[in-house]
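The analysis underlying the following values was restricted to heavy atoms, covering all of them including side chains, and did not include hydrogens, waters or symmetry mates. Chain A is the first sequence line, chain B the second, and so forth, proteins listed ahead of strands; every chain is numbered from 1.
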Amino acid sequence: MTLTTFFGCAFTAYGPSLAIFLGSIAPNAQLVILMVSSAFFWLISVLLASAIWYIASNSRDTFPVTIIYTVLLQELFRYFLYLLINRAESGLNMVASHPKSRFNRSGYAFAAGLGFGLMFGIISYITQLVNSLGPGVIMCESCKTVSLYFISAITTSILILHHCAWMMISFTGFTNRSWLRVAWVVITHYGASYLTILNSSPTVNYGCAYQIMGNLVLLIASAIIVFADMRHLHQKLS
Amino acid sequence: MLSRVAITLAAVCFLASAQDTYDTIYNDIGSLPCVRLLNATGYVGCQSMAAASGVLYRADTLEDINQLANDDGLRNKYTVVIPYWLLSSSNIDILKSSKKLAAILAVVNGTDPAHAISARPTTFVSPDTTCPNCEFGLYANTPNQYQWNPTGSGLLFEQFDFPIYALNTMDTRNTMSYASVMQAANRNRDKGYQDYPLKSLQFHSFMWGAQDTGACLRKGWCTPVGGASVWSTPSTNISYTDEKPIIVVTAAMDSRSLFHDLTLGVESSVAGMVTVLAVAEALSRSTIPLDTMSKHIVYTLFTGEAWGFGGSQRFVQDITSSPIQCEKPPTSGSGCAYPFYSDLEFQRLNPAKIEAILEVGQIAGMGGPGGNPTLYAHVDNIQEAASTTLLNQVVQVGANGSTTIPLPSTGISVQAASSDGVKRGLPPSSSMSFLKSRGNIPTVVLTDFQKQMSALTNHDQDDNWSTPNTVNLIQQAASVISKTAWLQAQGVSNSTAMTPAQTEAIASIQVDAGLVQDLLECLSLNYSCSLVDRYLNVTASSIPPTRLPHYSGTLYSQSQPFPIFAWSFLANMTSVKNLTSPTPRVTGCSSKAATVQCNPKEYCVGDQCIVSLTRYHDAYGVGLAINSNAEYYIKDASKPVWTESTWDPIGLRMFDVTSPDSQIAELMTGLALTLISGGVIWYSRRFLKKTLKED
């Protein structure tokens, strides 16, 4: 087990997002700072969620209930982040490399989304990754032939990318007062979270396959919306 | 999303803590390891540098082992579970050369049909050498030494660089381990060892000692093998200069085997130890008190005998070098700090006065050629004239139908071992240590074999002693030895010419068969018995000990239950009986310790204050010594210097593994995803640059 699985899972979970980070965010210091700040915002939302989880000791084991308030808190802090970036936007634009570009806001949204995503990825997956260094493995409950580490790695990878998409869609939604977009983000966030319950479900056969396919479909749908928005932005002002 | 964290952990457990995650992936199993021991020239035993882990593979027969070796479809490393009797050099070589071996689990006693007693082969071999400890014995320098264990495989002296552990069902914890392992191995077998995930077992078996004793002692990575011998005498006023001869009755207390936790040694040593204890009890009934006789009787029980006669050689070395000049007195208690002795009373014994040695060797009657049980008396064949009188007396006492010396009717006769005309000399025994110092001491060693030792010598599987044979053999041997010792101590050469008082006294010496049975059970099967409880409060402890191993252990590092019991029992049996004074002994010194206290010269044994000359004596290889800084070093590398390596906590854990192919697939997937993403990013940056004409 050990090293092969460890590197396999690490590359699967964090490879795509780190490639994106290195390729598009890292060269731009401003975006890096934004990314770290948004990661911090996500961390606070999860802190509050875990406080609630700790207090609500009776419902600790019921995932559906936990998901309700966790996702809610994350969306709330997404809104707070939007407010913060909104206030700071003029200043950010002044020192941006292309101050007059209309895509700046999208860039900030993208960096913020990656921040949310990477922090989520670290917090939720790092324990399993470290465990995968050892010789033992946990098998996925619903797909008994694949290790849980690998399934979680794929899920983490998809969800990190999804966080980028959500942030961009929601920023567009907040800016243009398009509540449909905001609703889309909240609903698909809940959808993706509840889908992951299929991983550990002992009754649904191949639950992990359904979960991955479901999440991929949602990711593609969100990506289509993002591209549509970008295209619209590009066409509107040209 | 905390949900992800919660789901992850809840897939395995319901509390968010790292230890619980560990507990669900890994199942820790109790273990009985084979460890590494070192001597002057190298090392023996098992070790593994890195944690060895392998898929559980069940091999019940030699065909299964060959099948594993030849199956090309199995490409992983395997932990092979075999019955103990398949553990032989050749089988291990087959497994090693297949390059599929991670570790071996040997089932010494199991409930599965393949491991049950009925599945054992009828012939088995001793894992010891063909002549145990003969390189340190009396005949070490004679050519063509008689090989007393010709079928010995020498497995105990081989080196293994992979872990070998044992499975047994002797108590609850070990039974649970056995059940877990067998369940997992059966699951693997049902899946054909190809249908992953499979159960795997990992061993932590790192031994610090390396090279040989000298190297590892210098680095502090090993400890001498040994413990405490016990000697006792009813003559509480014995002194070096009292000019009275000494009769020594002796036996060994320890044995060795591949798995030290399983060392039982009923055949190798326990039966002999029980005999000496029974002799002490029988002789204590003599109506002529033993401390009034013209000669002394000294009982000695030696530890470390399996390791080059460590206990007896050191005892002989010490009593022949008195008086001891103690340069640094101890900070507390008795003995001497430098040169180190834990007790100095042995100086009262004068080795030049030893007039006879009666030793009890292997007499359990197990694992031999069968037939009617018989006791054989062996004598040295180099100076055999010295022992003739003693031998004749032993045989005469043991002959059935003697009216002056009644014996229990066990139907077991005593014969001279050379009755078939072949003079083989002494089998490996503690007496050799005395004879190496002075070769003309009359010596007789009683055993149940004439020509070769039992195949159970130093085996892990001699966990059966058969009633009534073993009990009868011990009873007969104890009767013969106690009466011979008594006759010797009285100076009686012609047993028909005894005084009435002597005849009455010798008739009073009766070996208690019930005591023999109790001792056998307590010392081999269940230490928490009423007999031991009378001396040592064992049943009151939280986990009462049951079957304790007879491996001598490492020096001063752990408690030694058998020497402690031997000390207590012998102290009681040789204690001064106030036959003249009517006042009974002071009792309650341990049950009511606050109010009742013994005099400084008395010991509290069995809740009574007694006076007794019973002492411990350090037992470890006589080639080792302790310097003024309390460190061990090799004084003489040609003498036994056995040490045991120190080891990290031994661990055994069980878990699932995925196939090596799927692990490679995971790695390839990850690399592919990363590279594809990198490519997509690079391409989209170029695309964006082109379409937007800006970065």
Side-chain angles (χ1 to χ4, degrees), chain A residues 1 4-5 7-13 15-20 22-24 46 49-50 53 60-61 63 66-67 70-71 74 97-98 101 103 120 123-125 127-128 131 134-141 144-150 152-153 155-157 159 189 193 196-197 199-200 234, chain B residues 1-12 14-16 18 21-22 24-27 51-54 195-197 199-202 653-660 662-685 688 691-692 694-695:
Chain A
M1 183 87 346
T4 320
T5 306
F7 279 116
C9 292
F11 279 130
T12 309
S17 30
L18 281 180
I20 293 175
L22 286 171
S24 44
V46 162
S50 57
W53 180 86
R60 275 185 197 174
D61 304 335
F63 308 137
T66 319
I67 289 179
T70 318
V71 172
Q74 286 180 52
S97 35
H98 302 276
S101 165
F103 290 113
F120 150 77
I123 298 276
S124 73
Y125 188 60
T127 322
Q128 288 184 68
N131 274 329
V137 70
I138 314 174
M139 304 313 287
C140 184
E141 275 286 326
K144 291 273 202 267
T145 49
V146 192
S147 77
L148 186 64
Y149 305 141
F150 194 57
S152 301
T155 313
T156 309
S157 181
L159 285 171
H189 197 163
S193 303
T196 59
I197 296 182
N199 265 349
S200 61
H234 180 69
Chain B
M1 273 188 299
L2 192 64
S3 57
R4 289 284 300 118
V5 182
I7 287 171
T8 307
L9 291 175
V12 300
F14 294 123
L15 295 165
T21 314
Y22 176 94
T24 317
I25 308 177
Y26 300 104
N27 183 5
S53 99
D195 190 10
Y196 286 86
K199 287 282 184 197
S200 183
L201 211 52
Q202 185 185 48
R653 52 183 190 172
M654 192 155 69
F655 43 84
D656 284 317
V657 289
T658 50
S659 65
S662 69
Q663 295 172 35
I664 304 278
E666 287 170 9
L667 182 63
M668 291 299 132
T669 314
L671 286 173
L673 275 177
T674 311
L675 289 172
I676 291 175
S677 315
V680 165
I681 293 295
W682 180 78
Y683 178 72
S684 55
R685 278 186 67 156
L688 283 174
T691 53
L692 306 178
E694 55 188 281
D695 198 2

Trainee: Would you mind reporting whether Thr669(B) and Phe150(A) have side-chain heavy atoms less than 4.5 Å apart?
Mentor: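 Yes, their side chains come closer than 4.5 Å.
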Trainee: Below 4.5 Å from any heavy atom of chain A, which atoms of Leu667(B) appear? Answer side chain, backbone, both or neither.
Mentor: both
Trainee: Might you point out which heavy atoms bring Ala19(A) and Ser677(B) nearest each other, and give the distance in Å?
Mentor: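 That would be CB-CB, 4.0 Å.
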Trainee: Within this structure, what is the CD1-OG1 distance for the pair Ile20(A) and Thr674(B), rounded to the nearest 0.5 Å?
Mentor: 11.0 Å
Trainee: More than 12 heavy atoms of other residues, nucleotides or ligands under 6.0 Å from OH of Tyr26(B): yes or no?
Mentor: yes
Trainee: Looking at every heavy atom in both Ser147(A) and Glu666(B), which two are closest together, and how far apart are they?
Mentor: OG-OE2, 3.5 Å
Trainee: Any chance you could measure Ile25(B), atom CD1, to Tyr149(A), atom OH, to the nearest 0.5 Å?
Mentor: 3.5 Å
Trainee: With rounding to the nearest 0.5 angstrom, report the CD to CZ distance, Gln663(B) to Phe7(A).
Mentor: 13.5 Å
Trainee: With rounding to the nearest 0.5 Å, note down the distance linking CG in Leu148(A) to CG in Asp656(B).
Mentor: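 Going from the CG atom of Leu148(A) to the CG atom of Asp656(B) covers 12.0 Å.
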Trainee: Quick one: are Arg653(B) and Pro135(A) in side-chain contact, heavy atoms under 4.5 Å?
Mentor: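 Of all side-chain heavy-atom pairs linking Pro135(A) with Arg653(B), at least one is under 4.5 Å.
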